[in-house]
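Take a look at the structure set out below.
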Amino acid sequence: MKRSWPFTNHLPVVLLVILSSLATSTSAQSQTSDNQTNALATWITLDAPPGWEHLATDILLKALPGWQRDATGNLIRRKGSGSPRRVIVCALDRPGFALTEITETGYLRLREVGSLRLHPLWTQFHEGQRVKVLTRSGAVPGVVIVRSTHLQRGRQANAAVTTLDDIWVDVGASSRAEVQRLGIQMLDPVVRDMPAWNYGDYVAGPGAALRVGCAAVAHAANEEVTQGETIFVLSTLRSFGNDGLEAALRKLGKIDELTVIERTADIGSSEATRVLKRQIDKPSYVPDISGIKTVHMVWPRTRYSGSLVESVSNADADAMRREIEAAAGIRPASTTRWISLPERSRAIPPADLYRESASLLKTLADVPGVSGHESEVRATIISALPAWARQRAVTDTEGNLIVEFGPEKDPVMFVAHLDEVGFEISAIADDGTVSLRTRGGLYPSLWEGQPALLHFDRSTGEQGPHRTLKGVFVSRDTATTKQPESVTAWFGMDAAELKRLGVKVGLSVTAYKSATRLAGTRFTARALDDRAGSTALVLAAKAINPATLNHRVIFAWSVREETGLEGAMAMAKRYGATLKRVFSVDTFVSSDSPLESTRFAYAPLGKGAVIRGLDSSSVATPSELDRIMKIASRQRIPLQVGATNGGADGSDFVRYGVNHAGLSWPGRYSHSPVEVLDLRDLEALTSLIKALATAPQ
C-alpha cells in the first residue's frame with residue numbers, strides 16, 4: 001500500500017506555506033552557494049606561473065573593465081582621489097616548475113621556479129599526476145611518471161619523500177625532436193592540470209586562499225570609494241620576493257596604508273576567526289619612498305593549506321571580501337555576487353585514424369568501477385557493443401558480463417576485467433572524515449592531497465546518471481616518508497549530513513579522472529588496466545560477423561580481478577571443463593620507462609601488441625606461442641613477446657586443463673592515475689583478438 005506522509009492531509013494551510021517557503025529558501029541558498037564556489041573556482045584555475053602571469057592577465061583585462069597593465073605585468077586600477085591614499089594588493093603567481101632538460105628519449109626534467117615552498121609534499125603531490133607544459137602556442141598535456149606498481153615487488157614502505165630528482169614528465173614523445181615539434185622550449189612552465197573543484201561549501205585548488213583574495217580585490221575595485229584614493233593591484237613575481245609589487249610601489253610613490261593578501265609564518269589560526277589579520281613591520285619589498293612603516297596582512301581561513309586541494313569555505317570567502325572592502329574604504333558592495341571569469345577553451349581531439357578507438361577508450365576509462373562496484377562499467381560496455389552482441393549479453397550471478405556466439409563446438413574465451421583499483425569507505429568519523437581501505441594494489445601517495453569522488457551504488461531499477469559526492473583526499477601536514485600510513489577523505493560535511501545523503505561504509509571512492517590524448521598516438525588515463533582490454537574486445541566484436549564462425553567464441557568481462565581474480569574463478573568453474581583455449585586480455589606492464597630496469601618486462605610502446613607469455617601466475621606453452629605468432633605474422637599484425645609481473649584472469653582456468661595465454665598491450669605507470677599506452681598497440685591488439693577468434697581452433 002502506498003504510504004503518505006503522516007498528518008499531511010491535516011496540516012494547517014499556514015504551516016504548509018511555511019514548509020514550502022523553507023524548502024524554496026534552502027534550495028535558493030544551495031544554488032547561491034554553488035554559484036559562488038563555481039565563480040571562485042574560475043579564479044583558482046587561472047594559470048599564472050612566475051614570469052608568465054600574462055596568461056592570467058590577458059584573461060583578466062578582458063573580463064575586468066577599468067584595469068591597466070604596467071611594464072612589470074601588474075594589473076592596476078585606481079578609484080577615488082585625495083587622502084588617505086591606500087593600496088590593496090594580491091599576487092597572481094603561484095609556485096610551479098620550469099623545463100630545464102629535454103632527454104634524447106623525449107622526457108622532460110624540471111626545477112622549481114621561485115623561492116616559495118608551499119608544503120613539504122608539494123613536489124610529491126605532482127608525482128603520478130597530469131600536468132600541462134605552457135608553451136608560447138598553448139598548453140601541451142603531459143604526465144609526471146611513476147614506477148609501475150607491478151614491477152616494484154618488495155618496495156620499501158619507508159621510502160623517502162619524492163624530490164625533483166625523481167620527477168620526469170612524459171608528453172607522449174619518443175625523442176627530443178618530437179618534443180620540440182610540439183612547440184616546447186627550455187624554461188617553459190609546467191603546472192598541475194586540475195579541474196575546477198568545489199565540494200560541500202568549499203572551493204579547492206592550489207593557491208585557493210590567494211586566488212579567493214584576488215577575486216575579493218577585483219570585486220572591491222568595482223565599488224565606489226567613499227573617501228580618499230584606493231589603488232587596487234593584482235601583482236606579479238610573488239615567488240621572487242614580490243618584485244612585481246615593489247616595482248609598482250616605487251612608481252606609486254607615497255601612500256598612507258598598505259594591505260597585502262599574504263600569510264606570514266606566525267599569523268596564527270583559529271576556528272573562530274574567518275579572516276587572519278596581522279600588522280607587521282615594513283618588509284624588504286616595500287620601498288622607503290612609499291613612506292609606509294607597517295603593513296596589514298590578511299588571509300582567509302583555510303583547510304589543507306599549501307596543498308593542491310587547499311580549501312576555503314564560502315563563509316570565509318565572504319568574510320575575506322568584507323575585510324577587503326573595509327580596507328579599501330568603499331561603500332558596502334551593491335552586489336554579493338562574485339566575478340566569474342570566462343571558461344577557457346578546451347583541446348579538440350585530433351581527427352586521425354585512431355579517433356574511434358580513442359573515443360571509446362575515453363568513454364570506458366572515465367567511468368568509475370572500483371573492484372566490487374563495476375555496474376556502471378558493465379552498463380557502458382553493453383551499450384557500446386554491436387546490436388547482435390547486446391542481444392546475447394548476459395550478466396551472471398557474480399556480475400561477470402558474458403557474450404557467447406558461434407556454433408557450440410571448440411569454444412574459446414577472451415576475458416578482460418571490468419574493475420579498477422581504488423578505495424572503499426571503512427569508517428566514518430563524527431566530523432565526516434572517512435577512513436578508506438584499498439581495493440587492489442596501489443601507491444597511496446598518488447591519491448594523497450588530490451580531488452576525491454565518492455560513488456553511490458545504483459539501486460535496482462534506478463535510472464539516470466550515477467550519483468557522486470565531491471571531496472578531497474586528506475594530506476599530511478608534514479611527512480618524512482613517501483607513503484602515508486592511512487588514507488582518508490573529507491567531503492565538506494559531518495557524519496550526520498553524510499548519513500542523510502546515504503553515505504555508508506562500503507561505498508567506493510576514487511580520484512577525479514578525465515582521459516586524454518598525449519602527443520601523437522599516446523593516450524593517458526587511470527584504469528587503462530583494463531579499460532584498454534575492454535575497448536579491444538568491444539572493437540573486435542564490431543569487426544566480427546558471428547554468422548561466419550565455425551566454432552564457439554566467448555567474450556567475457558570479469559569482476560573483482562584486482563582483488564584476487566574472484567569473478568574469473570566463478571567463470572572457470574562454469575566453463576573450465578569445456579573450453580579449448582582462454583586468452584586473458586590485460587595490460588603488459590612494461591619497463592619502458594626511465595624509472596624501471598629493462599632486465600625484464602621490456603616492451604616498447606608503439607611496437608605492437610604483446611603476448612604476455614610469462615607472468616607471476618601462468619606461463620604459455622611454446623606451441624601456443626608459436627601458433628599466435630604465426631597467425632599474427634600472416635595478417636601482418638605487429639607483435640611482441642615478453643614476461644612481466646602480476647596475474648590475469650585466464651590463469652585460473654589452467655587448473656581445469658585449459659590452454660592459456662595472455663594478450664596485451666604495453667603499458668607504462670601501472671595502477672597510477674596516469675597510465676599511458678599507444679593507440680597503435682591497442683589497434684594491433686584488437687586485430688589480434690579478431691584474428692584468433694576467427695582462426696580454426
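Counting begins at 1 with the first residue of the sequence.
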Checklist entry - After noting the C-alpha distance and the side-chain angles of Glu497 and Arg500, does the key distance pass the salt bridge (Lys or Arg N to Asp or Glu O under 4.0 Å) rule? => result CA-CA 5 Å; Glu497 182 65 10; Arg500 187 188 70 79; 2.7 Å; yes
Checklist entry - Does the side chain to side chain contact (heavy atoms under 4.5 Å, CB included) test come out yes or no for Ile330 and Thr226, once each step is laid out? => result CA-CA 5 Å; Ile330 65 173; Thr226 58; 5.8 Å; no
Item to check | Candidate pair Lys79 and Glu223, rule salt bridge (Lys or Arg N to Asp or Glu O under 4.0 Å), full reasoning | outcome: CA-CA 9 Å; Lys79 299 294 290 284; Glu223 304 304 323; over 6 Å; no
Checklist entry - Does the pair Lys282 and Asp288 meet the rule for a salt bridge (Lys or Arg N to Asp or Glu O under 4.0 Å), with working shown? => result CA-CA 9 Å; Lys282 180 178 75 68; Asp288 292 337; 3.3 Å; yes
Checklist entry - Please walk me through it: do Trp168 and Asp170 pass side chain to side chain contact (heavy atoms under 4.5 Å, CB included)? => result CA-CA 7 Å; Trp168 301 67; Asp170 181 351; over 6 Å; no
Checklist entry - What do the steps show when you test Asp316 against Val275 for side chain to side chain contact (heavy atoms under 4.5 Å, CB included), and what is the final call? => result CA-CA 7 Å; Asp316 294 338; Val275 177; over 6 Å; no
Checklist entry - Under the side chain to side chain contact (heavy atoms under 4.5 Å, CB included) criterion, do Val298 and Ile324 qualify, and how do the steps go? => result CA-CA 9 Å; Val298 294; Ile324 295 302; 4.1 Å; yes
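Between Trp338 and His219, the two ring planes are tilted [angle within 30° to 60°].
Val171 places none of its side-chain heavy atoms less than 4.5 Å from the side chain of Leu518. At a threshold of 4.5 Å between non-hydrogen side-chain atoms, the residues Val113 and Pro95 do not count as touching. Inter-residue side-chain proximity for Trp490 and Phe473 is flagged as unmet; no heavy-atom pair is nearer than 4.5 Å. Annotation: side chain of Ser311 is not in contact with side chain of Val203 (no heavy-atom distance under 4.5 Å). A heavy-atom distance below 4.5 Å is not found between the side chains of Pro444 and Trp447. Within the 4.5 Å cutoff, the side chain of Leu245 has no heavy atoms near those of the Asn74 side chain. A 4.5 Å side-chain heavy-atom check between Leu134 and Asp47 finds at least one atom pair inside the cut-off. Looking only at side-chain heavy atoms (C-beta outward), Tyr199 and Thr37 stay at 4.5 Å or farther from each other.
Classification of Glu310 and Arg303 as a salt-bridged pair fails, no side-chain N sitting under 4.0 Å from a carboxylate O. Checked for salt-bridge contact, Asp318 and Arg321 meet the test: a charged N lies under 4.0 Å from a carboxylate O. Of the charged side-chain nitrogens involved, none lies within less than 4.0 Å of a carboxylate oxygen, so that Glu325 and Arg331 do not count as a salt-bridged pair.
Heavy atoms from other residues, nucleotides or ligands lying under 6.0 Å from CD of Gln279 number more than 12.
Under 3.5 Å, the side chains of Ser239 and Asp93 contain a donor-acceptor pair of N or O atoms. Remark: the Thr524 side chain and the Tyr669 side chain contain no N/O donor-acceptor pair separated by less than 3.5 Å. Using modelled atom types, one finds no donor on one side chain facing an acceptor on the other under 3.5 Å when comparing Gln227 with Arg86. Side-chain contact of Glu127 with Thr162: a donor-acceptor pair under 3.5 Å is present, judged by distance alone.
For Asn198 (side chain) and Tyr202 (main-chain N/O), no donor-acceptor pair under 3.5 Å exists by modelled atom type. A donor-acceptor pair under 3.5 Å links the side-chain atoms of Thr236 to the main chain of Thr72, judged by distance alone. Using modelled atom types, one side-chain atom of Thr135 and one backbone atom of Gly138 make a donor-acceptor pair closer than 3.5 Å. Of the possible donor and acceptor atoms, one in the side chain of Arg130 sits under 3.5 Å from a partner among the backbone N and O of Ser514. Although no hydrogens or angles enter the test, the distance criterion places no donor-acceptor pair under 3.5 Å between the side chain of Gln129 and the main chain of Val144. With hydrogens and angles disregarded, no donor-acceptor distance shorter than 3.5 Å links the side chain of Glu323 to the backbone of Ala319. Checking side-chain atoms of Ser290 against main-chain N and O of Val286 turns up no donor-acceptor pair under 3.5 Å. Using modelled atom types, one side-chain atom of Asp366 and one backbone atom of Ala515 make a donor-acceptor pair closer than 3.5 Å. Arg517 places a side-chain N or O within 3.5 Å of a backbone atom of Gly520 that can act as its donor or acceptor partner. Put simply, the side chain of Asp188 never gets that close to the backbone of Val133: no donor and acceptor are under 3.5 Å apart.
With values rounded to the nearest 0.5 angstrom, Cys214 atom SG is found 6.0 Å from Ile261 atom CD1. The distance from the CG atom of Leu249 to the CD1 atom of Ile289 is 10.0 Å, given to the nearest 0.5 Å. Residue Thr516 holds its OG1 atom at 8.0 Å from CG of Asp193, rounded to the nearest 0.5 Å. For the atom pair Gln124 CD and Ile167 CD1, the distance stands at 8.5 Å (nearest 0.5 Å). To the nearest 0.5 angstrom, Leu210 atom CG is 11.5 Å from Thr302 atom OG1. Summarising the geometry, atom CG belonging to Leu469 is positioned 8.5 Å from atom CG belonging to Leu453; distances are rounded to the nearest 0.5 Å.
In summary, the aromatic rings of His466 and Phe456 are positioned with their centroids too far apart to meet the 6.0 Å limit. For His126 and Phe97, the gap between ring centers is short of 6.0 Å.
When all heavy atoms of Leu40 and Ala215 are compared, the pair lying nearest together is CD2-CB, 3.9 Å.
In this structure, Lys470 forms a cation-pi arrangement with Trp197, its terminal cationic atom sitting closer than 6.0 Å to the ring centre and no more than 45° off the ring axis.
Applying the salt bridge (charged side-chain N to carboxylate O under 4.0 Å, His left out) test to every pair with at least one member in residues 53-68, sequence neighbours left out, gives these pairs: Asp58-Arg69. Here disulfide (SG to SG under 2.5 Å) pairs that include residues 182-213, with residues two or more places apart or in two chains, number zero.
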